[in-house]
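We name chains A, B, ... by the order of the sequence lines, and we start the count at 1 in each one.
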Amino acid sequence: MPTAWTVLLPLPVGPLDWVAPPGALEPPVGSVAAVPWQRGVRLGLITHVHEVPVDRTLQLNEAVALAEGIPPLPEPTVAWLLDEAWRTAAPAGTLLAALHHPAFGADWHHHIERLDGQPLSATAPSGQSQTTPDPDDEAPLHELREQGLLRETFTLKRPQTTVLTASTDRDPPDVRRTPGQYQAWQALTSAGTVASAAELARLAGVTAGTVRSLIQGGYAHYETTTSKSVPPQPVGPMPPQGQAAEPPPAWISGGTPEQAIKRLLPTLQADLADGHSVLIIAPERHTMDAAADLLEQHLPTLRQMPQATPVERIDWQHAVATQPCCVVTGFGGLIAPIKQPARLVILDAENETHKQRSGPRTWTPQAARSWADAHHVPLHLTDVEVGPETLALALENPPGTTQQGVRLTRPTVRWVISDLSGARAWPLGADLVRVIRQTVERERQALIIAPRRGYAAAYECESCRTAIACPNCDLTLRYHARERRLKCHQCGHHEAPPATCPQCGSDALDATRAAGVEWVARVVRDVAPGAVTYRYDTDVKDDLTALYDGHPGVVVGTTAALRLAPLPVLSLIAVTQIDGMLHVDDFRAEMRALRTLAVLETLAGDRRPLGVIQTFTPELPLLTALTDRDGDAMTTLRAAIESRRQRFGYPPYGILSRVQASAKREADAWSALTDLAAQLKTAGANDDEVLGPAPMPVARLRGRYHAHLLIRASEAARARELLSMVPATAPGGVRMRVDVDARDIGEVLD
DNA sequence: AGCACGCCGACT
DNA sequence: GTCGGCGTGCTC
């Protein structure tokens, strides 16, 4: 029977079949193949090689060729990819595209040859899209391909370098008549090659014109060479063999990523000594670098350079495919062709960057769980504050492969809760002002977290209280003082602050409430005139070198400042208003706030800073628990969070997925969800499983109305079953979006 | 994702 | 009367 290749393209489609090209060797699953697609050719991943009956081949096209020079993905990795796509109710190609395999981003030489000996219009170029772009050439090519008259190959296009070199078939230039040219020629002959004419002129100490004459005279010429494949070498010493390690912890809570890696180091050393590799995934670049910098001191390590070109990333793949090492990467590392993985480590597991914002919207720790299962290796999760879901993932390891987990101890912060209700000063209350002044007087550092960017959350009329709203979204425009602009933080709309109120015509407009970074920074300068203040948020990132050199100063920022490296003499950390973090209608709000505070604590390194939290609602359980240092209020709080999740079937006790509808007309979005809810219930879903439709926190965004439906399932298969009933679109131009691992209930998808 | 097909509004 | 908007459906 003929052979078929099942190929997955990096497009929102599932795996599809093509007949193997005649005479092709049987490729391993996980190879990259070129297949005809929409009158062109595209590259995809071979997920399956199987026999097909002859009558089936009549319906199928022939695959074009294997793409050469790409290390095939291990079979468990391909199995994981398909399984994970199934779990997220997304076409497998969507997940493949989100993982950014370098083969799909690289340029290829697409060589075409006619089998009947007739001439062909040379080599059809193949650009980034993998579809041959010239439409005049393409129609006949496509027909020839269908007739089986072509032999095609795909080889990687490597960057070419042009060098200047001496022509060996010539005598040297006349030293008497053209001494400059002779001098340049000598320099070139002894150097072998130089990068450019200008380089040679500099090297030989002659003018550019002299070198030009040398080239025109035929004494030197340019040579174009294709750069060779140079896989990077792992950095770091190889551990001695025979290292025995006790079972490592499945989760590590309470420290920085580096501290977690130090805890795992004996295990990793034993893994590599046994000839295995370890995959380590970090959510952000600086975490990746910090982890790799540490690992390199102890073990052979290869890190994925985020700015690497596709060809460099393919060379990197060759390196990780052939030698045992610690592989430090991002999300895309889940399809790195790793040699014999021993375990998978997710750093900073609770970091929100682990949630993919596009494509199948995977949550990396969850995807990592199924990756570890597919590869039969344990999964390790680390974070400064491991939460219930992360913990549950860690505890699913096969018995005996890991210990439960460890909590690292760190210097405790004495949090002071400062009640702002009834306070006269704002946005900084008397308590915070006092400690800021003390910090400045003692020449220490302070970090103050404001709840938002800009100067204020609203710019409003003082007589009729109307705030200027975004024309595209149901949001007030934020006032940015530095730029003197009103900005929408969702759609990017911005405008000049109006002189008069559009509602009542009054000219008394101002930013009077809901302070942001700029406002807080201004007040800090007012109350502590001697302080050197810095701003750190998405809009402005001041140079903090002086602070890292140990000089005093006050940093005012948003949560963007949580990404900073620890500050050397940080003695005050403060949150100007925590209420926004806690009053969010989200069952994860408390754990998220606890983590934010824990990250703040780590910014002081080994120091034990003073912590101040301002609030209008000091009676909130989380705040009272923070100050109850000797009692067990925090334990009680965590137990309450846990039991509430259990009672409502929220993660990790169930799966909470989100279906979002968006449309130009609000009623269309809602009726799509009402129809879906009815359809789900007809199909047997009960009231516990279908929650909603419900309004989104912000109904209108970028001119479209949004609403959502939550689907609560007890297990992955049930979630998948219900989500498979969600259509991609609904009447009225409604776009439907599914988020299986919804992490933020209020988040707007696309 | 791309591409074709198909159905309704403003124009050379 | 056509050009072109985008909503809908398909790709082995």
Side-chain angles (χ1 to χ4, degrees), chain A residues 1-22 24 27 29 31-66 81-82 85 88 90-101 103-106 126-136 138-139 141-143 145-148 152 356-361 661-665 667-669 671-672 675-676 702-705 724 726-738 749-750:
Chain A
M1 281 206 287
T3 305
W5 295 352
T6 306
V7 176
L8 184 62
L9 297 163
L11 300 172
V13 290
L16 300 166
D17 280 353
W18 281 266
V19 180
V29 161
S31 305
V32 172
V35 293
W37 184 259
Q38 289 182 337
R39 300 155 92 240
V41 175
R42 280 199 82 112
L43 296 183
L45 183 74
I46 300 183
T47 59
H48 198 41
V49 177
H50 57 110
E51 310 270 278
V52 283
V54 175
D55 59 342
R56 169 79 171 128
T57 64
L58 300 177
Q59 305 160 349
L60 298 179
N61 288 326
E62 234 171 53
V64 174
L66 275 182
L81 181 63
L82 298 174
T88 54
T94 304
L95 178 57
L96 179 59
L99 289 160
H100 291 114
H101 190 114
F104 305 136
S126 177
Q128 294 257 322
S129 66
Q130 268 88 46
T131 51
T132 316
D134 192 344
D136 297 332
E138 201 36 54
L141 253 189
H142 179 241
E143 283 160 26
R145 187 176 289 128
E146 273 195 333
Q147 293 161 29
E152 302 175 70
Q356 304 303 127
R357 302 281 312 265
S358 59
R361 303 183 175 85
S662 75
K664 283 190 180 147
R665 289 179 40 220
D668 292 330
S671 67
D675 291 352
L676 175 63
R702 294 180 205 99
R704 292 179 71 88
Y705 289 90
S724 64
V726 179
T729 56
V734 180
R735 284 205 288 263
M736 305 285 267
R737 295 280 182 267
V738 170
L749 309 175
D750 298 352

Identify each atom pair where a protein N or O and an N or O of nucleotides 3-9 of chain C are less than 3.5 Å apart, giving names and distance.
none

| task | Give the rounded distance in Å between these two atoms: CG of A/Leu9 and P of C/dC12. | result | 9 Å

| Between C/dC12 (C1') and A/Leu16 (CG): distance, integer Å | 5 Å

| query | What pairs of residues pass the salt bridge (charged side-chain N to carboxylate O under 4.0 Å, His left out) test when at least one of them lies in residues 3-17 of chain A, not counting sequence neighbours? | reply | A/Asp17-A/Arg56

| note | Those residues at least two apart in sequence (or on a different chain) that pass side chain to side chain donor-acceptor pair (under 3.5 Å) with A/Glu152 are A/His110, A/Arg145

| request: Evaluate the ring planes of A/Phe104 and A/His101, with Trp represented by its six-membered ring, and classify them as parallel (under 30°), tilted (30 to 60°) or perpendicular (over 60°). | output: tilted

| Distance, rounded to the nearest Å, where A/Arg39 contributes CZ and C/dC12 contributes P | 13 Å

| salt bridge (charged side-chain N to carboxylate O under 4.0 Å, His left out) with A/Arg737: which residues, sequence neighbours excluded? | A/Asp750

| query | Stepwise, does the side-chain contact (heavy atoms from CB on, under 4.5 Å) test hold for A/Leu81 with A/Leu99? | reply | CA-CA 10 Å; A/Leu81 181 63; A/Leu99 289 160; 3.5 Å; yes

| note | Note: contacts of residues 53-66 of chain A with DNA chain C (heavy atom, under 4.0 Å) are A/Arg56, A/Leu60, A/Asn61

| query | Which whole-number value in Å describes the distance from A/Ile46 CD1 to C/dC12 P? | reply | 16 Å

| said: If the condition is ring pair (Phe, Tyr, Trp, His ring centres under 6.0 Å), which residues does A/His100 pass it with, not counting sequence neighbours? | reply: none

| note | In whole angstroms, the gap separating P of B/dC3 from CG of A/Leu11 amounts to 11 Å

| task | Could you tell me the separation between the CG atom of A/Leu8 and the C1' atom of C/dC12, rounded to a whole number of Å? | result | 13 Å

| Once you round it to whole Å, what is the distance between P of C/dC10 and CH2 of A/Trp37? | 13 Å

| query | Stepwise, does the side-chain contact (heavy atoms from CB on, under 4.5 Å) test hold for A/His48 with A/Leu82? | reply | CA-CA 11 Å; A/His48 198 41; A/Leu82 298 174; over 6 Å; no

| note | Here the gap from A/Leu45 atom CG to A/Leu9 atom CG, rounded to the nearest 0.5 Å, amounts to 9.5 Å

